[in-house]
There are 2 protein chains.
Amino acid sequence: MPTIRDVAKTLNLSITTVSRALDGYDDVSKETRQRVIETAQAMGYVPNRAARQLRRQRTDTIGYIVPAKKPQFADPFFAEFVAGLGDEAASANYDLLVSTAPPDSPEEQTIYRRWVQGGKVDGVVINRTRLNDWRVNFLREKKIPFTCLERSLDQGEEFLGVETDIQDGYQELLGHLTAQGHSRIAFIGADASLKVQYDRLRAFQQALTSLGIQPQAHLVIEGDLTPEGGYQAMLHLLALDQPPSAVVCVNDLTAIGAIHAAHDNHCVIGRDLAIAGFDGVADSAHTQPPLTTLDQPVYAIARTLARLLLQAIAREEICQRVITIKPNLLIRASSGGKR
Amino acid sequence: MPTIRDVAKTLNLSITTVSRALDGYDDVSKETRQRVIETAQAMGYVPNRAARQLRRQRTDTIGYIVPAKKPQFADPFFAEFVAGLGDEAASANYDLLVSTAPPDSPEEQTIYRRWVQGGKVDGVVINRTRLNDWRVNFLREKKIPFTCLERSLDQGEEFLGVETDIQDGYQELLGHLTAQGHSRIAFIGADASLKVQYDRLRAFQQALTSLGIQPQAHLVIEGDLTPEGGYQAMLHLLALDQPPSAVVCVNDLTAIGAIHAAHDNHCVIGRDLAIAGFDGVADSAHTQPPLTTLDQPVYAIARTLARLLLQAIAREEICQRVITIKPNLLIRASSGGKR
DNA sequence: TGATTTTACCAAAACGTTTTGGAAAACTCA
DNA sequence: TGAGTTTTCCAAAACGTTTTGGTAAAATCA
């Protein structure tokens, strides 16, 4: 593996000149630069990252920790999210470091500490933000750049990241459901400490109220963002004295589980029961019947988060620190809409 | 951010002693070690990774490049796979570097080159191995440790990784299908350059033959491992003069698309048509009807690949260089089995 | 006792870059 | 012509570790 020293020796130049030629400084002549670039290429020289990082005091790496329960995580949301981060990072010659840890666990703390204090990453992307999130306080205190999907309550104006504005989306979705005669509408949510749960439940209830329907506490169930959680929650709803005729789920995976449970109870979805999700993961188009959902451009959101983070790392002026995204209602057969 | 120098100064010790105390060498007294550890802890000292890497000439990082087509990838297989790699790496205090690149593309080559030659990773995990795979030749030539899921034709005895033995699985699956009277059985596969396509198609045909059924070329269709590919392939099959009564798909995502297409053509799956997948991704339990599939322990496979890789990096003696895994047939309603 | 071994520590070199602060050579202009 | 300016290059100093090759002091042994 040739080093910069080898290249310099071959060309009878100093290390300095080679370094500066390759980095595009203008204090090296055109011909010299040409020679350097060619020789480096021919010798297969690639700068050693560790040495560069040590000297430059940065890593050209951003980090993301998948907030997954114990071993597996299977939400395609994360897959798309990671792809978006990775692609944006790669396009700026950055790398993406990935790990998994259960939300709010000691492991999570350990990894963040190792990455941040050990100087493994220049910045971090956070999602599944919690209402009170130690991560934002920790990163803020350590003065490490970071971006968030959804704003925690600890963050005021200095927030940097993406927020989804779901009010209109839920208004439209519930308008669609009530237009078909539904009035007993349930909500299968997530852990109450999550910001998305807080936001989506509130938007759901506000939309209901604005349509003249009184929200009912016993029609709000807690799931866990997985199909299994959705399945159990749906069973619970179906066992009620007066089961709902429509169910809004906090994400698509929950909805997939709910559909399954309804099927198992011989409900015909789209006729006996309307179901809607949130996210627009690829699978949602392939459930039976296809799932009505509020589609978010997850891949684009991830790229945006990475882009903002890279700008923050480079200390660029960021004109728009909060990027707001509105989900897009996809009406499919699961809500009895057009087939 | 305190460095080892700060710790040494605080304790009036040399840098050497601090370093060796923390690394557990035995040429430092019990009391000194204790003092060092406590002070380092108290000062919040964490070794700088870049400096350590530069000196040790290794990175404590393994790499994995998701072989995804253009922007998105949504296969939960990858999500589970990445989680497995990440967890195993973390348990050995290693990190996981992730990127995405279309298979066999210039981007793929660039990233591998950057990682390997720039010394960003100590080793690499490969999956979606191709029949002739430049990656294995490249890594072998550069003498970088790597492990593979599935063996490419370029690899002989020096293979290190996991192979799936699917012969029995397909035998059992096709036995199950023929027992229900199916004899026109189609196969929706993947790109012919992939090792899994090669293996699974061959296993499928051998199983058919052994059951006394002549494989028919026009019942073998090429998909692309996505639901969309499965959807299109299924439409094609349904339009045949004599459509198949059962369809075996190369992975679950393909099967999910196939189910969708069949539904859209008013086939009742499990009655008019049997469909089976491969992988056992979480979603396969929640299709309607639930999908019969050959379940692979993806998470465990990924952990195994990472573990083997770490052993290779540490130059440990590896007693078992090829770990063979057999998928497990899950009979669900999509093949007309038990409900 | 003096010779040998063990214990506990350390100075300095190395890892491969980037950056700082010049400095010689080649121009430019009056 | 000679003073200033620009161009092109470079030596040496970091960056924060780990490792090498020691050396005094203490303990052990004959």
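Just so it is clear: chains get the letters A, B, ... in the order the sequence lines come, proteins before strands, and each one is counted from 1.
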Taking only N and O in the side chain of A:T16, is any of them less than 4.0 Å away from OP1 or OP2 of D:dC10? no
Any idea which of C:dG16, D:dT19, C:dT19 is nearest the A:R20 side chain? C:dT19
Output the rounded distance in Å from CG (B:L54) to C1' (C:dA14). 9 Å
Does B:G156 offer a backbone N or O that forms a donor-acceptor pair with the side chain of B:R151 under 3.5 Å? yes
Quickly work out the B:I4 CD1 to D:dG16 P distance and round it to whole Å. 12 Å
Should A:E158 and A:R321 count as an ion pair when the cut-off is N to O under 4.0 Å? no
Assuming nearest nucleotide by heavy-atom distance, tell me which of A:D27 and A:T3 is located more 5' along DNA chain C. A:T3
Can you measure A:I15 atom CD1 to C:dC15 atom C1' for me and round it to whole angstrom units? 12 Å
Pair A:T59, A:D122: side-chain N/O donor-acceptor within cut-off below 3.5 Å: yes
Look at the side chain of A:R56 and decide which nucleotide, out of D:dC10, C:dT19, C:dC15, has an atom nearest to it. C:dT19
Does a side-chain N-to-carboxylate-O contact under 4.0 Å join A:D191 and A:R130? no
Nearest to the side chain of B:L13 - C:dC9, D:dG16, C:dT17? C:dC9
Counting distance alone, no hydrogens or angles: does the base of C:dT18 have a donor or acceptor under 3.5 Å from a partner atom on the side chain of A:R55? yes
Can you tell me which nucleotide in D:dG16, C:dT18, C:dC10 comes closest to the side chain of B:A51? D:dG16
Whole-Å distance between D:dT19 C1' and B:R52 CZ? 13 Å
Can you check the B:R35 CZ to C:dC9 P distance for me, whole Å? 8 Å
Euclidean distance, atom NZ of residue A:K30 to atom C1' of D:dT8 [Å, nearest integer]: 14 Å
Earlier contact from the 5' end, DNA chain D, for B:V46 and A:V28: A:V28
Side-chain N or O of B:S19 versus OP1/OP2 of D:dT19: is the shortest distance under 4.0 Å? no
Test item: side-chain donor near acceptor, A:D154 and A:W134, under 3.5 Å: no
Look at the side chain of B:T17 and the base of C:dA8, then say whether one donor and one acceptor between them are separated by less than 3.5 Å. no
Calculate the interatomic distance between A:R49 atom CZ and D:dG16 atom C1'; express it in whole Å. 19 Å
Within less than 4.0 Å of OP1 or OP2 of C:dG16, is there a side-chain N or O belonging to A:R5? no
Residues B:S19 and B:T16: side-chain donor-acceptor under 3.5 angstrom: no
Could you tell me whether the phosphate oxygens of C:dT18, OP1 or OP2, come under 4.0 Å of any side-chain nitrogen or oxygen in A:Q53? no
Output yes when at least one side-chain N/O atom of B:Y25 is less than 4.0 Å from OP1 or OP2 of C:dT7, else no. no
Would you kindly give the CD-to-P distance between B:Q57 and C:dC15, to the nearest whole Å? 8 Å
